[in-house]
Every structure is written in C-alpha cells, then in structure tokens.
Protein chains: 2
Amino acid sequence: MSVAVIKYYDRSMARWEPNSRGRLEQAALALYGERGFENTTVAEIATRAGLTERSFFRHFADKREVLFWGVGALQEFLVSTVAGAPGSAAPFTAVTDALEAAGAMFQDRREYARQRQSVIAASAELRERELVKLASLASALADALRRRGVKDPAATLSAEAGITVFKVAFERWVNETSRRDLPQLIRQSADELKAVTAGKTRVSHARSGTY
Amino acid sequence: MSVAVIKYYDRSMARWEPNSRGRLEQAALALYGERGFENTTVAEIATRAGLTERSFFRHFADKREVLFWGVGALQEFLVSTVAGAPGSAAPFTAVTDALEAAGAMFQDRREYARQRQSVIAASAELRERELVKLASLASALADALRRRGVKDPAATLSAEAGITVFKVAFERWVNETSRRDLPQLIRQSADELKAVTAGKTRVSHARSGTY
DNA sequence: ACAGCGATGTCAGTCGCTGTCATCAAGTAC
DNA sequence: GTACTTGATGACAGCGACTGACATCGCTGT
C-alpha cells in the first residue's frame, strides 16, 4: 500500500501526466479566450496541454465539445428532478422548479460561467453548439414530462418554454451585475413569461412595472 | 429584339447552362436524400450539377446552407408583418398573427417541405443548422417588437414563444396526415401554449380535451 | 515472469472550405 | 468594330478538422 502513496507523489513512475482531459479543457478555454475560437487550432490546444492533436479527439468529439460536455450532468439532474416532482404539480411548474434547483448549483461558478459565455458569444460556431445543447435539454425535459403522464403538446411546450426561461435568466445572471442569484432570476423570468403569454399587455402600456 | 428571343432558345450562345444555383440545390437535395448528408461530398453535388466544387462554394456559404438560404425571405416577411401590425396588438398576438400569415405561403409546398424535413431530420449537422435559423428568426422578431416599443423581456419572450409555436405546428403539418392547414395548426398551437403557461393543468387531469 | 489493457503517439488520408489566378463570353464605351 | 470591363466559372494549391490503423510501453492481475 505504501507503494500507492509514493506513486501519488512521484509522477516519474507514471507514464503520462494525469488529468489530460482537464489540461485540454483549460488550454482550450484559455486559447479561445486569447485569440478566438476560429483562430485556434486543435494542434495548438493539444501542444499547450502536452498532448497530440489525435489525443484531443479521443477525449472530445470535436473542437467545440470541449466547452459543452459538462451539460450532460445538468441534463441528468433536470430529468431526475422533474421525475421526482410531486404528482400534483403542473407540467410547467415541475419544469421551472427543477430549473430553479439546478440554478443553485451554479452559485460558485459565476466567474467561470462568465468567461465561458464570453468565449461562446464571440463565435458563431460555438453559439450554434449551445443551441443544440439547449434543444437537447428541452427534448430530455419533454421526455421526462411524458413519463409523468403529460401528453403532447403540453409536454413539448412546457419543456421548450422552460428552456426559454432558463436562457433568459442565465443571460441576465452572467451579464448583469445584479445581486440576484440564478434561482431568483429563473423564478422571475418564469413569471414574466406567464404574463406575456396571458396576453394582458399592450404596447407601451404595461400593466405592471415589470417591463 | 428578335435576337433576344432567339437567345432565349439557343443556349449555345451562352457560355454556361443557366440557373446553376438551382441545379446545385436540386442535386444536393437529391443526393442528401439518396445517401444521406454525411455520405455526400460537395464534389459529387457539383459534378451532378455540371459544375465544380469551387463553384458550389461561390453560391452557398457551406454544405448545409444549400437547404436553408430560403429562410431569409421568410424572416423578412415576418419582420415586416410584425412591423405593420395594429398598434393596439399585444406582442405575442402580433407574433402569432404574423406566423399565421406566413404559414399560408407554404400551402403549395407541402411535398417539398416533407422531403426537406426528412433529410434534415436524418442528420445531426442539418438539425443544428435548422436550430440556428430558428434562433435567428426569433432574434429578428424580438427586434421587430422592440421597434414597436415593446420592452425586454417581453419582446424576447414573445418572440421565442412564437418560434416554439411555429416549430410545433410545422412539425405537425409535415408529419401528420392531418387535413388541417398550417395557419390553423399555428393558431391551435398558440392557444395550447397559452393554456400550458397559464398553469391551469394538472397531470393526467386536463381541464379541457386539448391534450 | 508474463499476458493483456489502456492511454498515448505516429502517420497517412479524406473532406470541407479558401485564396489566387486564369479564362472567356457578353456587355459597354468610344 | 476595336478595346476595355465584368461576371461566372475552372484549375490548383493549401490549411485545418477529423478518422482509421497500427505501434508503444508502463501498469495490472495472475
């Protein structure tokens, strides 16, 4: 067993540096931020991480995925939260409640999120991938709702509307210097969507001070 | 003037066959349908159209755009329709009304739409591009609303919700053998979204027979 | 000791996409 | 009607994303 302890400290015994995936991720985010996504080659990322281009593609499906693979965990959380919602909950409520709970998990990563979002915002290709991930989230949420007995189109519409709420809230959270945290912004955006679709607003004659 | 008439029939006077763009479009749709988007090279499309790969990229920005460049016209129509809506119209209503009007323009292209959608559905890359185009539509609609004096987040939410409605309705129109036309389906989906976000539904205990 | 595993490297190749220059019919100027 | 310009195309070279095939070699289990 003492061998294991030594091994932990003596990297010369290992054939390669550990955490190559993490090194690739760090190198990619840094380079995308420095010179832009389009002006960064995969070979450069790999070299900075002390690896080869070929190894990059063993860890990530493509050049963009390095910024998006983490979304999978979020999706799993949302799906299981919706699945565990009280049976009496309305579909849209189940979705927004799950989003609120998930929003709490971002609390301590606001700076990382900011950096990542600024990189994404600067590249059309990365924005494209973000849309795909959000659509995948919506689709997974709709499935979760259907498993609860919600029929279409209510399932699809609730899920899509929920994702719209999340997008709006997340963007505010990242860009504004607001003191409100993400869960609060999610609840607020959900309420605003309800008001909008209720069709109670007239142009330039908002009933409340919300907008 | 008679020269012009002769020229119209005597293609030997022209250096190249006319309508190269249309030929490329036709060849691409056919090949994507036959062997799939990923298994079709641009060189093959160009050859079938009697052109070179280089010319393909002079007509279309990339391999996918050949199926999506037409969306631009739809976007312009929606924007100008929203801009011309009665000043008293609520934002979400202005959007859904515009969508309904646009839906009428698809009437005679249902078969083409079906073929195109089946090709898109079969390829992750094409679905990706479709999402981008829809997001662009939403963004343009939100801008149009803001120009009418609608503030955010109402503008963004109304536009996004409108696009969600369009997606759902279009998918039904293309996939179902329903006799309902696209404008009808758009109105119906909009009503369903309103019901869902109103939060009046309970799982498996819908108040109306809508779902 | 030995066999197999697994993360990595090496190398060659395909394909999307771009820059650059040449070509040549049609239109335009004079 | 000659010369100049324009516009759509071809030809070619090249970059970078991505893949398949095979080699390497510490580590692990027996």
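Chain letters run A, B, ... following the sequence lines, proteins first, then strands; residues in each count from 1. Reckoned from all heavy atoms, side chains included, excluding hydrogens, waters and symmetry mates.
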I need the minimum non-hydrogen distance between B:V82 and B:L145, along with the two atoms involved. CG1-CD2, 4.0 Å

Between A:E125 and A:K63, is the closest basic N to carboxylate O distance under 4.0 Å? no

Would you say B:S20 places a side-chain N or O within less than 4.0 Å of OP1 or OP2 belonging to D:dT9? yes

I need the CD-C1' distance between B:E53 and D:dG14, as an integer number of Å. 13 Å

Take atom CH2 of B:W16 and atom P of D:dA11, then tell me their distance rounded to the nearest Å. 12 Å

When A:R58 and A:E38 are each assigned the nearest nucleotide of DNA chain D, the 5'-most assignment goes to A:E38

B:E125 CD to D:dC18 C1', in whole Å, measures 11 Å

Rounded to whole Å, CZ of A:R15 lies from C1' of C:dG9 at a distance of 8 Å

Should we say atom CD of B:Q117 is surrounded by more than 12 heavy atoms from elsewhere, each under 6.0 Å from it? yes

Please check if atom CD in A:E44 has more than 12 non-hydrogen atoms from other residues, nucleotides or ligands closer than 6.0 Å. yes

Both distances under 3.5 Å, Watson-Crick or G-U wobble: report the partner of D:dT30, or none. C:dA1

Which heavy-atom pair separates A:R23 from A:A49 by the least distance, and what is that distance? NH2-O, 2.8 Å

Output the rounded distance in Å from CG (A:L24) to P (D:dC18). 14 Å

N/O (side chain, B:S55) to phosphate O (OP1/OP2, D:dG10) under 4.0 Å: yes

Spacing between A:R35 atom CZ and D:dG16 atom C1', to the nearest angstrom: 14 Å

Provide, to the nearest angstrom, the distance between the CG atom belonging to A:N39 and the P atom belonging to D:dA17. 11 Å

Picking from C:dG9, D:dC18, C:dG16, the nucleotide nearest the side-chain atoms of B:F57 would be C:dG16

Look at the side-chain N and O atoms of B:H59 and state whether any lies under 4.0 Å from the OP1 or OP2 oxygen of D:dT9. yes

Short side-chain N/O contact to C:dC15 OP1/OP2 from B:T41, under 4.0 Å: no

Separation of C:dA12 C1' from A:R54 CZ (nearest whole Å): 12 Å

